[in-house]
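Working notes for the structure below.
Residue numbers begin at 1 in each chain, while the letters A, B, ... track the order of the sequences. FYI, side chains are in, hydrogens and waters are out, and symmetry mates aren't considered; it's all heavy atoms of this structure.
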There are 2 protein chains.
Amino acid sequence: MVDTVKIARALSDPIRYKIMTMLAQSDLGCCPIPGEKDLRPGLCNCELMSELGLIQSRVSYHMKELYEAGLVTEEPRGKWKVYFINTKTLRDFIQEINKDFALK
Amino acid sequence: MVDTVKIARALSDPIRYKIMTMLAQSDLGCCPIPGEKDLRPGLCNCELMSELGLIQSRVSYHMKELYEAGLVTEEPRGKWKVYFINTKTLRDFIQEINKDFALK
DNA sequence: TTGACATATCAAAAATATTTGATATTATGG
DNA sequence: CCATAATATCAAATATTTTTGATATGTCAA
């Protein structure tokens with residue numbers, strides 16, 4: 001099962017929580033490679049840096065935290081890296097909380 | 001609305017998460033006062049201390065964190081204090097995550 | 001291949017969170 | 001009221017997390 005405490009920790013930082021909402025709302029494919037199509041909606045580091053006003057290593061650190069908690073997936077796209085929200089982990093997280101705390 | 005980041009932080013410590021599961025599972029009223037009845041299922045500090053093997057000030061610290069996140073309610077009962085899980089906050093938390101991350 | 005750009009990693013500094021032991025507060029029962 | 005028991009608070013010590021700047025790695029395009 002998912003590591004509920006680890007996921008809670010990943011979500012417990014305001015910057016990371018914000019990044020997750022940005023990923024959830026992104027509806028445009030990012031960093032297109034000429035000739036490729038069907039880009040899934042996601043965000044790359046550079047967009048996160050400029051939107052949040054954070055330096056590169058800081059974004060990188062937080063994305064690693066989210067990745068290791070299973071909350072995002074990654075896809076190298078050319079020299080960029082694009083991140084996607086992993087809704088499966090979030091659903092499992094919610095299900096586990098429902099179970100652990102006898103909510104339904 | 002609930003402070004989702006704050007709740008996530010409260011749940012992000014293994015001890016606090018464990019305490020929440022213990023509160024969710026408690027089915028016996030605790031620390032009865034002679035003459036009173038209808039005790040809601042809950043746990044007092046002393047039970048948490050002995051079950052978890054933690055010293056008093058440490059339990060107190062963690063219960064305060066949970067209380068301030070709205071995850072538990074408290075009731076002084078005689079010279080004891082009994083804690084209850086606050087399922088409303090947990091439900092609101094889940095609802096907010098569903099909304100923020102477009103899960104359904 | 002080289003230069004430019006994007007990302008990853010690292011070590012040190014800074015900021016936060018947790019643990020502990022001591023002391024304070026509050027309630028109870030004698 | 002007094003002694004005892006339970007909980008709260010506090011300051012100091014520890015531990016953990018986050019931030020930063022520097023450097024390394026990897027990719028692309030010329």
(request) May I ask you to evaluate whether A:Asn45 reaches the phosphate of C:dT7, defined as a side-chain N or O under 4.0 Å from OP1 or OP2? (result) yes
(message) Using the side chain to side chain contact (heavy atoms under 4.5 Å, CB included) criterion, which residues pair with A:Ser60? Sequence neighbours excluded.
(response) A:Gln56
(request) Can you tell me the distance, in whole Å, between the CD atom of B:Glu74 and the C1' atom of C:dT26? (result) 14 Å
(message) Please determine whether a side-chain nitrogen or oxygen atom of B:Arg9 lies at a distance below 4.0 Å from atom OP1 or OP2 of C:dT18.
(response) yes
(request) Round to a whole Å and report the spacing from CE of B:Met49 to P of D:dA8. (result) 11 Å
(request) Specify whether A:Phe93 and B:Phe93 have parallel, tilted or perpendicular ring planes, treating 30° as the upper limit for parallel and 60° as the lower limit for perpendicular. (result) perpendicular
(message) Taking the nucleotide of DNA chain D with the nearest heavy atom to each, does A:Lys79 or A:Arg58 sit closer to the 5' end?
(response) A:Arg58
(message) So B:Leu71 and B:Ile7, do their side chains get closer than 4.5 Å, heavy atoms only?
(response) yes
(message) Nearest whole Å is fine: how far is C:dT16 C1' from B:Asp13 CG?
(response) 13 Å
(request) Measure the distance from CD1 on A:Ile55 to P on C:dT7 and round it to the nearest whole Å. (result) 14 Å
(request) Return the set of residues passing side chain to side chain donor-acceptor pair (under 3.5 Å) with B:Lys64 (not counting sequence neighbours), or none when no residue passes. (result) none
(request) Check B:Val5 against A:Pro14 and note the closest heavy-atom contact, atom names and distance. (result) CG1-N, 4.1 Å
(request) Round to a whole Å and report the spacing from CG of B:Leu48 to P of D:dA6. (result) 14 Å
(message) Check this for me: does the side-chain of B:Gln56 come within 3.5 Å of the base of D:dA8 through a donor and an acceptor?
(response) yes
(request) Could you please name the option among D:dT19, C:dA8, D:dA8 that lies closest to any side-chain atom of A:Ile15? (result) D:dT19
(request) Provide the closest heavy-atom pair for A:Pro41 versus A:Ser26 in the form atom of the first, atom of the second, distance. (result) CB-O, 3.1 Å
(message) Measuring to OP1 and OP2 of D:dT18, would you say a side-chain N or O of A:Arg16 lies under 4.0 angstrom away?
(response) yes
(message) Which nucleotide wins on minimum distance to the side chain of A:Lys81, given the candidates D:dT7, D:dG21, C:dA8?
(response) C:dA8
(request) In whole angstrom, give the distance that lies between atom CG of B:Leu43 and atom C1' of D:dA6. (result) 16 Å
(message) Measuring from atom CG of A:Leu66 to atom CD of A:Glu68, what distance do you get when rounded to the nearest 0.5 angstrom?
(response) 10.0 Å
(request) In whole angstrom, give the distance that lies between atom CG of A:Leu52 and atom C1' of D:dT18. (result) 15 Å
(message) Whole angstroms only, please: what is the CZ-C1' distance between B:Arg77 and C:dT26?
(response) 18 Å
(message) Base, sugar-phosphate or nothing for B:Leu54? Non-hydrogen atoms, less than 4.0 Å.
(response) nothing
(request) May I ask you to list the residues of residues 59-72 of chain A, by number, that have any heavy atom positioned under 4.0 Å from an atom of DNA chain D? (result) A:Tyr61, A:His62
